[in-house]
Protein chains: 2
Amino acid sequence: MIFLKDIWLKTRYITLYGLLMAILVFVLKWSQWRFLILDNALDIYIGLIAVFFTILGVWIALQLVKPKVQTVIVEKEIYIQPSDDWAINEAELKKLNLSTREYEVLQLLAKGQSNAEIAENLFLSLSTVKTHASNLFVKMDVKSRAQAIEKAKRLKITA
Amino acid sequence: MIFLKDIWLKTRYITLYGLLMAILVFVLKWSQWRFLILDNALDIYIGLIAVFFTILGVWIALQLVKPKVQTVIVEKEIYIQPSDDWAINEAELKKLNLSTREYEVLQLLAKGQSNAEIAENLFLSLSTVKTHASNLFVKMDVKSRAQAIEKAKRLKITA
DNA sequence: GGGGACTTCATACTTTAGTACCTATTGTGC
DNA sequence: GCACAATAGGTACTAAAGTATGAAGTCCCC
């Protein structure tokens, strides 16, 4: 049913337009006899159609117009330590023998993110993040994320 | 002349629309004779008008409608080199306006200690440590000890 | 001497974190 | 093909962390 709803949402305007056209054709077919009798009324007839379809066109356009996206850039101060000693990094990192995913989790964890936030950022479930974090703590020989952050910062193994 | 130009700019769409209508009426008046002969062609005639005015409506709407503006705020990170590595410490610390006890708690917290451990080290109850920590987080504008540690290390306000 | 901070502690509660254990899939190397 | 590591995810539980609110004492300053 979700599938059908999706199609409806994507094609609703076209569908509505089609239906309107169909109804209109029917109305015209039925009403043209009256107008053919009152031959002089053709101008009015045409005028009404013109107005109607103009309004319809305006309406369609209003529905379809894509909102323009205006980007506002807000400056945000970020303090970062000037990288002087920049090598211990690799050596200590290898010792820990972390897997790719574990390291990725550590990166975000060391930025102070919660498990839920990490899960969102890495497109993982909360369970998986917890599993990775738990394994990470064992490998790093720490007992909490707080200690993990402290150690990561101390060993300079964070990006 | 500027005055005239101003009026033109403000009313150009309406004027153009009026002109188009006038031309159309003329064309219709002239052409209806032919269509009245080919009576069966009325449907096609109506159809063409419908399509034409729909398109016209869309065009008018696109010209007149103010674009929907959707504002997206993007944070631009500006990396600031903390001036001289080992003095910001004091400056940043003062900004936070921490009390003595809060700062002591922060010290241990930033070493990765749990609330219980901090309580032991400072001879406080767990409640008190939690209270200090909570107030600390407010002053530091963070939401968890993880963020507090990260920020403390980044600002270099730990002993 | 009263108001305002800081400090200490408590209770009650909600939310995260963390652990343990299990299933399942996908590459990689032997 | 199969073992193995890595990845992803689930349930169920316990343990911390964090919030809210209130109470009480100390110290200092106007």
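By convention in this document, chain letters (A, B, ...) are assigned in the order of the sequence lines, proteins followed by strands, and residues within each chain are numbered from 1. Computation of the quantities below employed the complete heavy-atom set of this structure, encompassing side-chain atoms and omitting hydrogens, waters and symmetry-equivalent molecules.
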Give the rounded distance in Å between these two atoms: NE2 of His132(A) and C1' of dT19(C). 16 Å

In whole angstroms, how far is the P atom of dT8(C) from the CG atom of Leu126(B)? 14 Å

Is any side-chain N or O of Thr128(A) closer than 4.0 Å to OP1 or OP2 of dT7(D)? no

Phosphate OP1/OP2 of dT11(C): any Ser127(B) side-chain N/O under 4.0 Å: no

Is there a side-chain contact between Ser134(B) and the phosphate of dG18(D), meaning an N or O under 4.0 Å from OP1 or OP2? no

How would you label the contact of Leu124(B) with the nucleic acid (heavy atoms, under 4.0 Å): base, sugar-phosphate, or nothing? sugar-phosphate

Do the side chains of His132(A) and Leu124(A) get nearer than 4.5 Å, heavy atoms only? yes

Looking at the side chain of Thr100(B), which of dT7(C), dG18(C), dA17(D) is the nearest nucleotide? dT7(C)

If you check the Lys130(B) side chain, which of dT19(D), dC9(C), dA17(C) turns out closest? dT19(D)

Quick one: is Ser99(A) getting a side-chain N or O under 4.0 Å of the dT7(D) phosphate, OP1 or OP2? yes

Whole Å only: how far is the CZ atom of Phe123(A) from the P atom of dT7(D)? 17 Å

When all nucleic acid strands are considered with a 4.0 Å heavy-atom cut-off, which category describes Thr131(B): base, sugar-phosphate, or nothing? base

Within the 4.0 Å heavy-atom criterion, would you say Ser114(A) contacts the bases, only the backbone, or no part of the nucleic acid? sugar-phosphate

Can you check the Arg101(A) CZ to dA8(D) C1' distance for me, whole Å? 9 Å

In whole Å, I'd like the distance from the CD1 atom of Ile149(A) to the P atom of dA17(C). 10 Å

Looking at Lys139(B), does any N or O in its side chain come under 4.0 Å of the phosphate oxygens OP1/OP2 on dC6(C)? yes

Which heavy-atom pair separates Ala116(A) from Leu126(A) by the least distance, and what is that distance? N-CD1, 3.8 Å

I want to confirm an ordering. Mapping Leu98(B) and Asn135(A) to their closest nucleotides on DNA chain C, which one lands closer to the 5' end? Leu98(B)

If you assign Leu122(B) and Ser144(B) each to the DNA chain C nucleotide with the nearest heavy atom, which residue ends up on the more 5' nucleotide? Leu122(B)

Counting any heavy atom closer than 4.0 Å, what does Ser125(A) reach on the DNA or RNA strands: base, sugar-phosphate only, or nothing? sugar-phosphate

Go through the side-chain N and O atoms of Ser125(A) and Thr128(A) and say whether any donor and acceptor fall under 3.5 Å apart. yes

Using a cut-off of strictly less than 4.0 Å, decide whether Asn115(B) has a side-chain nitrogen or oxygen near OP1 or OP2 of dA17(D). yes

